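Data first, discussion second: the structure below is written as structure tokens.
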There are 2 protein chains.
Amino acid sequence: MIDKTPSERRYEKTRQGILDAARSLLQEGGVEAVSMRSLAEKVDYSPAALYKYFSNKEEIIEALRQEAWELMANFEPDMPPGLSMAEMFVLSGQNYVKFATRYPEYYLLVMSTTETGPESMEEFKQMPSFINLLQFTEAAIGSGQFILPEGYTPTHFALLAWFVVHGISLLKLSMMSKCADEFETASFEVLNMIQEIIGRD
Amino acid sequence: MIDKTPSERRYEKTRQGILDAARSLLQEGGVEAVSMRSLAEKVDYSPAALYKYFSNKEEIIEALRQEAWELMANFEPDMPPGLSMAEMFVLSGQNYVKFATRYPEYYLLVMSTTETGPESMEEFKQMPSFINLLQFTEAAIGSGQFILPEGYTPTHFALLAWFVVHGISLLKLSMMSKCADEFETASFEVLNMIQEIIGRD
DNA sequence: GCAAGGAAGTGAACGGTGTTCACAAAACAA
DNA sequence: TTGTTTTGTGAACACCGTTCACTTCCTTGC
């Protein structure tokens, strides 16, 4: 353990302070409210000073994106005990949409990356959040509660679920934002329908 | 028919010229490449002159969005004769994704609106593109080729299809852009799976 | 044909953005 | 205390959307 000098601690502290201010600006007014000048104003520095702590604005945004990603991964629903796989599936899907609704700026930040994504599907399948989803579908299919047509794997169903919840979330925040509540109830009915389709034999 | 004066024709012509230049800039470098200054440069006007033809930049973008919307609605796949409903479903879904792939800026433009969306689900269901999708699912379900669980309507399945293709398209253009091809084949397998699930009895 | 009036077009500016750089001030090291 | 490195700043650069007084051109009425 290398102990840090006071100056290193100070450096780290103001760096965190900048990120805190950026997070606050992001949540208040979306990503376009995060400007170097407003950020500097908020932390009582000159705009130029920020460049001693971050090499550019994108590095600040990227740090927030990382935070958002972690928050999203740890945003798990209250699972009442004794739920069937099908019920858990619906609840998880709803929870995903609820995250996007509660933290729209975080969600859009995570989704707005063309740079951080996986280089291959193989790499994608290694990502913790997808592994989680995959393990769930494997369990549901393995136990016979979910039934897939011949030739399809749990990965296919996990992808389906992923597509649907992303489609719902993004549409809710963009095109359907003017009737978001009504849209949400309709989309939750669709989640239920999927569960019934996949569960029937 | 009110015949237009020469000056009106000229006005309309330069207005179109501006839109042409804007479209070209959009397709070359995405929406952030469309700036009033680069636009003015391209049509050999001063930036201020553009405001005699459009009240602001958003009005230009909105015109392009309208174009994109129409192009998207008319982007229909070559349907070989004798296809089953299930095959047509898959082909239509693939076609949707292909549009997003071929015209990513157009697709993102259409999707990036929080202002133009429907005010209610009822209004949404009246939109031509959704009516198309709905009529197809009604036909497929009415003929017994698609089977839905009790209590669910063709609208539910149309929504499901809509969610999936949007989820695929947006993910392909954002997070999965680094492995877009691989991702596309996987997502097309998912479309096929849906068709098989919904078609089985 | 000519003057009046409106339409078309412009240069300069305002306030905003991200970023750089020479410089000053403060903290640290010898 | 001196010298050096870190920390911070003001001013500038090159962009952005937009406005406005001003000129230039075309059209309309006589």
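What you see is a predicted model, and the numbers here were worked out from it, not measured in a lab. Chain letters run A, B, ... following the sequence lines, proteins first, then strands; residues in each count from 1.
Considering only side-chain atoms of Tyr53(B), the nucleotide from dG9(C), dT19(C), dT9(D) that sits closest is dG9(C).
A distance-only check finds no donor-acceptor pair linking the side chain of Glu189(B) to the backbone of Ala186(B) [under 3.5 Å]. In this structure, the side chain of Lys57(A) engages the main chain of Val34(A) through a donor-acceptor pair within 3.5 Å. Without hydrogens or angle criteria, Thr113(A) side chain to Val110(A) main chain gives no donor-acceptor distance under 3.5 Å.
Each end of the helix from dG1(C)-dC30(D) to dC28(C)-dG3(D) gets its own rotation axis from five pairs of C1' atoms, and the angle between them is 10° to the nearest 10 degrees.
In this structure, a donor-acceptor pair under 3.5 Å is absent between the side chains of Ser169(A) and His166(A). The closest side-chain donor-acceptor pair between Gln66(B) and Glu70(B) falls under 3.5 angstrom.
Taking atom CZ of residue Arg9(B) and atom C1' of nucleotide dA8(C), one finds them 18 Å apart after rounding to whole Å. In this structure, the CD atom of Glu8(A) is 12 Å from the P atom of dC28(C), given to the nearest Å. Rounded to whole Å, the distance from CG on Leu50(A) to P on dG18(C) is 10 Å. Distance NZ (Lys52(A)) to P (dT5(D)): 15 Å, rounded to an integer number of Å. Note: CZ (Phe54(A)) to C1' (dG18(C)) measures 16 Å, nearest angstrom. Distance Met36(A) CE to dT20(C) C1': 12 Å, rounded to the nearest Å. Look at OH on Tyr11(B): it is 10 Å from C1' on dA8(C), rounded to the nearest Å. Tyr45(A) has its OH atom 17 Å from the P atom of dA25(C), to the nearest Å.
Between Phe124(B) and Phe130(B), the ring centre distance stays below 6.0 Å. Not less than 6.0 angstrom separates the ring centroid of Phe54(B) from the ring centroid of Tyr45(B).
In this structure, Arg10(B) and Pro47(B) both approach DNA chain D, and ranking their closest nucleotides by distance from the 5' end singles out Pro47(B). Nearest-nucleotide assignment on DNA chain C puts the 5′-proximal partner with Thr14(B), out of Thr14(B) and Arg37(B).
Within the nucleic acid shown, Ser35(B) comes within 4.0 Å of sugar-phosphate atoms alone, with no base atom in reach, counting heavy atoms only. Looking at heavy-atom distances under 4.0 Å, Tyr51(A) makes contact with a base.
One cannot find a donor-acceptor pair under 3.5 Å joining the base of dG18(C) and the side-chain atoms of Lys57(A).
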